[in-house]
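For reference, the structure is listed below as structure tokens.
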Protein chains: 2
Amino acid sequence: MSLPHAILTALLEKPSSGLELTRRFDRSIGYFWSATHQQIYRELGRLEAEGLIRALPAEQPARGQKKAYEVLPAGRTELARWTGAAQDPKPHRDALLLRLRAAAVVGTAGLEDDLRRHLELHERQLAEYREIEERDFPPGADGPQDRLRHLVLRAGIDLETFWIQWLGHALSEFAHLPDAGGTRRPGEPRA
Amino acid sequence: MSLPHAILTALLEKPSSGLELTRRFDRSIGYFWSATHQQIYRELGRLEAEGLIRALPAEQPARGQKKAYEVLPAGRTELARWTGAAQDPKPHRDALLLRLRAAAVVGTAGLEDDLRRHLELHERQLAEYREIEERDFPPGADGPQDRLRHLVLRAGIDLETFWIQWLGHALSEFAHLPDAGGTRRPGEPRA
DNA sequence: TTTTGCATGTAATGGGTTACATGATTTG
DNA sequence: CAAATCATGTAACCCATTACATGCAAAA
């Protein structure tokens with residue numbers, strides 16, 4: 001139940017319309033909390049109904065017109081409450097690790113190519129993060145807000161670095177693996 | 001859509017009943033693909049209906065009686081197909097990073113305690129992984145299956161290590177942070 | 001024989017995903 | 001003006017989560 005709070009954070013950083021929010025989720029917030037435009041519109045409606053945000057008084061709120069929202073005091077209070085409240089980490093879900101475990105039973109056919117593809121994706125993501133770091137966190141800026149935001153970006157950078165290392169390690173293991181050999185059950189024919 | 005494949009993998013490793021599967025998910029597979037017993041029972045029903053698994057011919061399949069399942073050839077084929085098929089990584093969702101970003105806007109009150117709590121949880125998890133590593137992967141065993149499974153466990157260990165490092169870094173930043181200072185908006189009173 | 005724990009489920013709710021719908025604005 | 005694009009939505013489906021229900025077995 002964090003999407004509403006992600007939206008509140010984004011709106012506090014800058015009042016926006018639904019599509020602007022969607023863009024910003026694609027660019028920055030979505031790196032650790034993704035959302036589609038449908039989720040965002042639905043959630044904006046709820047947050048407005050609960051009195052946590054309001055539509056900025058604009059020209060004519062017709063369909064197809066931009067409608068920007070801003071956070072009300074009640075919304076800021078709720079976000080502060082949520083931020084400071086104790087929350088248990090959600091259990092992970094990683095399909096790639098699952099597939100590796102499955103490969104130990106049914107064989108590794110096809111997996112290596114996808115590992116390589118994932119490696120490329122993570123390298124691309126890491127490059128993107130590094131660009132953001134250079135652009136948004138030059139050596140000078142180190143106010144408290146900057147430090148917190150930099151910390152978040154650092155987590156992203158280090159996570160991508162971890163995956164790149166791990167995938168490299170995994171691929172080198174694959175290179176030494178007998179041809180799907182260990183995946184036979186004892187007594188099963190060799191192909 | 002990986003739960004059915006997680007179950008197929010578990011059943012190939014060892015035919016089991018619903019509750020046995022639930023236990024094994026809690027202990028080992030759940031470390032990277034969690035599932036509740038309700039999910040598992042529902043999925044067992046579907047997999048059986050699709051002809052990928054079957055209930056082992058047991059005594060009387062009455063309610064409250066154990067019912068063990070085994071994987072049929074079609075199930076093994078489907079698991080091998082899925083394991084080798086290209087799949088895009090799902091976008092991450094990390095509430096803790098989201099809260100840090102929110103804290104940059106509404107203040108850090110309460111967050112530090114929860115970071116410490118998370119640090120403890122990750123340290124406990126890491127210790128558990130290390131025990132498993134010592135028990136299940138002694139220096140001798142290095143068949144292909146062992147290597148693949150060890151690789152998966154290594155990912156878990158390194159991920160926990162990463163979070164412990166990052167949380168330590170974050171907490172040291174908090175120590176240097178002015179008292180929720182950077183979280184004021186310009187012009188707002190200092191509290 | 002009531003209670004506790006084991007084992008398998010059902011039902012309700014809510015979030016996430018995908019596909020589609022509709023009005024407005026820009027561009028060829 | 002026709003087509004593409006922008007912007008805001010609706011609807012349906014699936015999965016996950018939570019709470020509850022039922023039957024059986026062993027222990028107190």
Side-chain angles (χ1 to χ4, degrees), chain A residues 1-8 10-11 15-26 29-30 32-50 53-56 58-69 82 87-95 98, chain B residues 1-7 10-11 15-27 29-30 32-50 53-56 58-69 82 87-95 98:
Chain A
M1 265 281 301
S2 310
L3 178 57
H5 302 99
I7 292 178
L8 286 173
L11 287 181
S16 306
S17 69
L19 195 66
E20 283 165 357
L21 278 177
T22 304
R23 298 268 158 74
R24 291 172 58 200
F25 268 75
D26 285 344
I29 293 186
F32 48 91
W33 203 275
S34 67
T36 64
H37 79 274
Q38 291 88 340
Q39 285 174 271
I40 288 171
Y41 282 120
R42 188 179 3 177
E43 207 59 48
L44 283 172
R46 285 182 199 164
L47 287 169
E48 189 177 23
E50 290 170 11
I53 64 175
R54 68 162 184 176
L56 279 175
E59 311 77 52
Q60 67 282 42
R63 194 185 177 102
Q65 295 292 19
K66 275 195 192 182
K67 199 164 65 173
Y69 292 89
W82 177 81
Q87 290 172 47
D88 285 331
K90 291 248 161 175
H92 317 150
R93 294 240 163 114
D94 193 300
L98 189 57
Chain B
M1 266 282 302
S2 310
L3 178 57
H5 303 98
I7 292 177
L11 286 181
S16 308
S17 69
L19 196 64
E20 283 166 357
L21 278 177
T22 304
R23 297 268 157 74
R24 292 172 57 201
F25 267 75
D26 285 344
R27 272 187 283 112
I29 293 187
F32 48 89
W33 203 274
S34 68
T36 65
H37 78 275
Q38 291 89 344
Q39 284 175 271
I40 288 171
Y41 282 121
R42 185 181 2 171
E43 208 60 46
L44 283 173
R46 285 183 201 164
L47 288 168
E48 189 177 27
E50 290 169 13
I53 65 176
R54 68 162 183 176
L56 280 176
E59 311 76 52
Q60 67 282 39
R63 193 185 177 100
Q65 295 291 19
K66 276 194 191 182
K67 200 165 64 174
Y69 293 90
W82 177 81
Q87 291 171 45
D88 285 331
K90 290 248 162 174
H92 316 150
R93 293 240 163 115
D94 194 301
L98 190 56

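In this text, all values refer to a predicted model and were calculated from it rather than measured experimentally. Lettering of chains follows the sequences in order, A, B, ..., and the numbering in each one begins at 1.
In this structure, A:Leu56 places its CG atom 13 Å from P of D:dT8, rounding to the nearest Å. Atom pair B:Arg24:CZ and C:dA7:C1' shows a separation of 17 Å (rounding to whole Å applied). For the pair A:Glu43 CD and D:dT8 P, the computed distance is 16 Å after rounding to whole Å. What separates CD1 of B:Ile40 from P of C:dT10 is a distance of 15 Å, to the nearest Å. Taking atom CG on A:Leu21 and atom C1' on D:dG9, their separation rounds to 15 Å, with Å as the unit. To the nearest angstrom, P of D:dA16 lies 17 Å from NE2 of A:His92. As rounded to whole Å, 13 Å separates atom P of D:dG9 from atom CD of A:Glu20. The CG atom of B:Leu44 sits 15 Å away from the P atom of C:dA7 (whole-angstrom rounding).
The two residues B:Arg24 and B:Ala10 make their nearest non-hydrogen contact at NH2-O, 2.9 Å.
A sub-4.0 Å separation between OP1 or OP2 of D:dT17 and a side-chain N or O of B:Gln39 is present. OP1 or OP2 of D:dC6 has not a single side-chain nitrogen or oxygen of A:Arg23 nearer than 4.0 Å. Residue B:Arg46 places at least one side-chain N or O closer than 4.0 Å to OP1 or OP2 of D:dC15. Using a 4.0 Å cut-off, no side-chain N or O of B:Lys90 falls inside it from OP1 or OP2 of C:dG16. Within the 4.0 Å cut-off from OP1 or OP2 of D:dG9, not a single side-chain nitrogen or oxygen of A:Tyr41 is found.
Taking only side-chain atoms of B:His37, from C-beta outward, the nucleotide of C:dT8, D:dT18, D:dT10 with the closest atom is C:dT8. Nearest to the side chain of A:Arg93, among C:dT17, D:dT18, D:dA16, sits D:dA16. The side chain of A:Leu19 lies closest to D:dA7, out of C:dG15, C:dG16, D:dA7.
Among residues two or more places apart in sequence or in another chain, the ring pair (Phe, Tyr, Trp, His ring centres under 6.0 Å) test is passed with B:Trp82 by B:His5. Shown here are the ring pair (Phe, Tyr, Trp, His ring centres under 6.0 Å) partners of A:Tyr41, two or more places apart in sequence or in another chain: A:His37.
Under a 4.0 Å N-O distance rule, the pair A:Glu43/A:Arg46 qualifies as a salt bridge.
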- Message: As a quick check of understanding, evaluate side chain to side chain contact (heavy atoms under 4.5 Å, CB included) for B:Leu47 and B:Leu11, giving each step before the final call.
- Response: CA-CA 11 Å; B:Leu47 288 168; B:Leu11 286 181; 5.6 Å; no

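Below the 3.5 angstrom threshold, one finds a donor paired with an acceptor across the side chain of B:Arg42 and the base of D:dA16.
Of the two residues contacting DNA chain C, namely B:Gln38 and A:Leu3, the nearest-nucleotide position lying further toward the 5' end is that of B:Gln38. Comparing B:Trp33 and A:Ser17 by the nucleotide of DNA chain D that holds the closest heavy atom to each, the one mapping nearer the 5' end is A:Ser17.
Note on B:Thr22: nothing from the nucleic acid sits closer than 4.0 angstrom, heavy atoms only.
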